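What follows is one structure encoded as structure tokens, with my remarks underneath.
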Protein chains: 2
Amino acid sequence: MPSLDKKPYHHGELREALLTAGEAALGELSPENVSLREIARRAGVSHAAPKHHFQTLGELLGEIAARGFDRFVENLRSAADSGANQSAAARLQTMSRAYLRFAELNPAVYGLMFGKRERCVTTPNLAKSSLAAWSQLETAVAAIVGPQKAVNGALLVWSSVHGMAQLRIDRKLPPHIDPNASLEAVMRMIIAGLQAET
Amino acid sequence: MPSLDKKPYHHGELREALLTAGEAALGELSPENVSLREIARRAGVSHAAPKHHFQTLGELLGEIAARGFDRFVENLRSAADSGANQSAAARLQTMSRAYLRFAELNPAVYGLMFGKRERCVTTPNLAKSSLAAWSQLETAVAAIVGPQKAVNGALLVWSSVHGMAQLRIDRKLPPHIDPNASLEAVMRMIIAGLQAET
DNA sequence: TGATAATGTTTACAGCGTCAACATAATTGC
DNA sequence: GCAATTATGTTGACGCTGTAAACATTATCA
């Protein structure tokens, strides 16, 4: 009698399997080694099978970036909620911690989300989530400096936190710097700068 | 009689030619299309010729990044010099403008310099130049907040400017933002934040 | 001047993304 | 319920890539 657990010809959940295999590969391999063929291998499928679900590698990575954005926005939202009864400044600091934490835990996906869009295709909901994250930040900043100056204030915060995340991921910070302690000090200065604007 | 301008078997200045061809390619093509073979083509030489001057593509790109760093440090230095008789705050602002300008004019090289070191190899003088840039910045910041708090202050400035550069290069800024005007506003807030530390 | 080192070319190999042709299974229409 | 169609797999091919090895040409030096 033939073995009962023989692999069927059709996978059934291949699209989903490719996305999770891709995320796993991004977590384990250096980005340049994350290839369509490698992801297909991990999903236990031939190298051309993904074609029926993602036209190109860029489309697959774009979808992974979109999912990353959803998780990212959710993380920031729950951080903001958890600080609902704090001061606006403390809430902003909490959000910044969540931001940096996400970047540290998901460096490759973070790179897809915020890096140049050469490796992945920008899907509509990716653009939407990106804008959602921005207005989330702008709202938190507006609570400190008022809506008038919220744009530049949000730019200050976003640039700084994004810059720190990037520098840390790319290991470009001088070795004598402790990123967590520094984030607190940097955020303190940022908030002072914001408050000087009022 | 044979033509006099016939190409000689040996190039003569191939190493230099490869570096400039590489920089040109980085300026014209999207980074993923900058290949060793493409650079060799531009230098008018067979695809394996670079091997005698650069062991790998990463070595070539690493050397290009190192040269970029030299120009970068020089730009910042001359910006700092030009503001020698200004206040420390104004001098820092001048340096920031030079920083952002360099990133805008040389996005691909900037990416090699500050991005992940997967595409290019870190050569010793690259590390040296990087550290030089950092202490240059730290000195400028120390003139405002004193040496004690210069480290965190420099981190604030570097993160912010690097973040803005990256966001602008990657076109991740909301479209309604004018980067140049925003830089001024952001730097004003940063300097206020630094001065609040004293 | 002749050996040797430097610096080119050619050829080869494996991995990549993508496409086209084909195989198999699920679904739909009658 | 069965045939036609559609969805989703596999296989093989193409041209690209980086890199290595073998070979050709020229420059350098004893």
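Numbered from 1 within each chain, the chains take letters A, B, ... in sequence-line order. No experiment lies behind these values; they were computed from the predicted model shown. Computed over heavy atoms, backbone and side chain alike; hydrogens, waters and symmetry mates excluded.
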note: B:L18, atom CG; D:dG18, atom P; distance rounded to Å ~ 13 Å

Worksheet item: Per the atom types in the model, does the base of C:dG15 pair as donor or acceptor with the side chain of A:H47 at under 3.5 Å?
Response: no

5'-most contact on DNA chain C (nearest-nucleotide basis), B:E13 vs A:R41, goes to B:E13

| said: Just to be sure I understand the rule, does B:R119 reach a base, reach only the sugar-phosphate, or reach nothing, if contact means heavy atoms closer than 4.0 Å? | reply: nothing

**Request:** Just call it for B:G44: base, sugar-phosphate, or nothing, with non-hydrogen atoms closer than 4.0 Å on any strand.
**Result:** nothing

Rounded to whole Å, CG of A:N33 lies from P of C:dC16 at a distance of 8 Å

Worksheet item: Does any donor atom in the side chain of A:S160 or B:S160 lie under 3.5 Å from an acceptor atom in the other side chain?
Response: yes

Check this for me: does the side-chain of B:H10 come within 3.5 Å of the base of C:dT7 through a donor and an acceptor? yes

Scan B:G12 against the nucleic acid and name what it touches under 4.0 Å (heavy atoms): base, sugar-phosphate only, or nothing. sugar-phosphate

For this session: Would you please classify the geometry between the A:F114 ring and the A:F72 ring as parallel, tilted or perpendicular, with 30° and 60° separating the classes?
Result: perpendicular

- Message: Taking any heavy-atom pair under 4.0 Å as a contact, classify B:H53: base, sugar-phosphate, or nothing.
- Response: sugar-phosphate

Nearest-nucleotide check on DNA chain C, A:Q55 vs B:A48; residue mapping nearer the 5' end is B:A48

Atom CG of A:L61 and atom C1' of C:dC16 are separated, to the nearest Å, by 14 Å

Of B:L19, B:L60, B:L14, the one forming a side chain to side chain contact (heavy atoms under 4.5 Å, CB included) with B:H53 is B:L14

- Query: Just wondering, are more than 12 heavy atoms of other shown residues or ligands nearer than 6.0 Å to CZ in B:R15?
  - Reply: yes

Margin query: Under 3.5 Å, is there any donor-acceptor pair linking the side chain of A:R37 to the base of C:dT18?
Written below: yes

Taken to the nearest whole Å, NE2/A:H52 to P/C:dC22 is 14 Å

Under 3.5 Å, is there a donor on one side chain and an acceptor on the other for B:Q93 and B:E184?
yes

Taken to the nearest whole Å, CG/A:L60 to P/C:dT18 is 10 Å

When rounded to whole Å, the CD to P distance for the pair B:E59 and D:dA20 reads 11 Å

Taking only side-chain N and O atoms of A:S46, does any of them lie within less than 4.0 angstrom of OP1 or OP2 on D:dG9?
no

Between CG of A:L36 and C1' of C:dT18 the distance, given in whole Å, is 9 Å

It should be established whether B:K51 places a side-chain nitrogen or oxygen under 4.0 Å from OP1 or OP2 of nucleotide C:dT7. no

Separation of D:dT8 atom P from A:F54 atom CZ, nearest Å, is 12 Å

Answer yes or no: is there an ion pair linking B:E38 with B:R41, defined by an N-O contact shorter than 4.0 Å?
yes

Just call it for A:R15: base, sugar-phosphate, or nothing, with non-hydrogen atoms closer than 4.0 Å on any strand. nothing

* To do: Kindly say if A:H11 contacts the phosphate of C:dA25, meaning a side-chain N or O under 4.0 Å from OP1 or OP2.
  => no

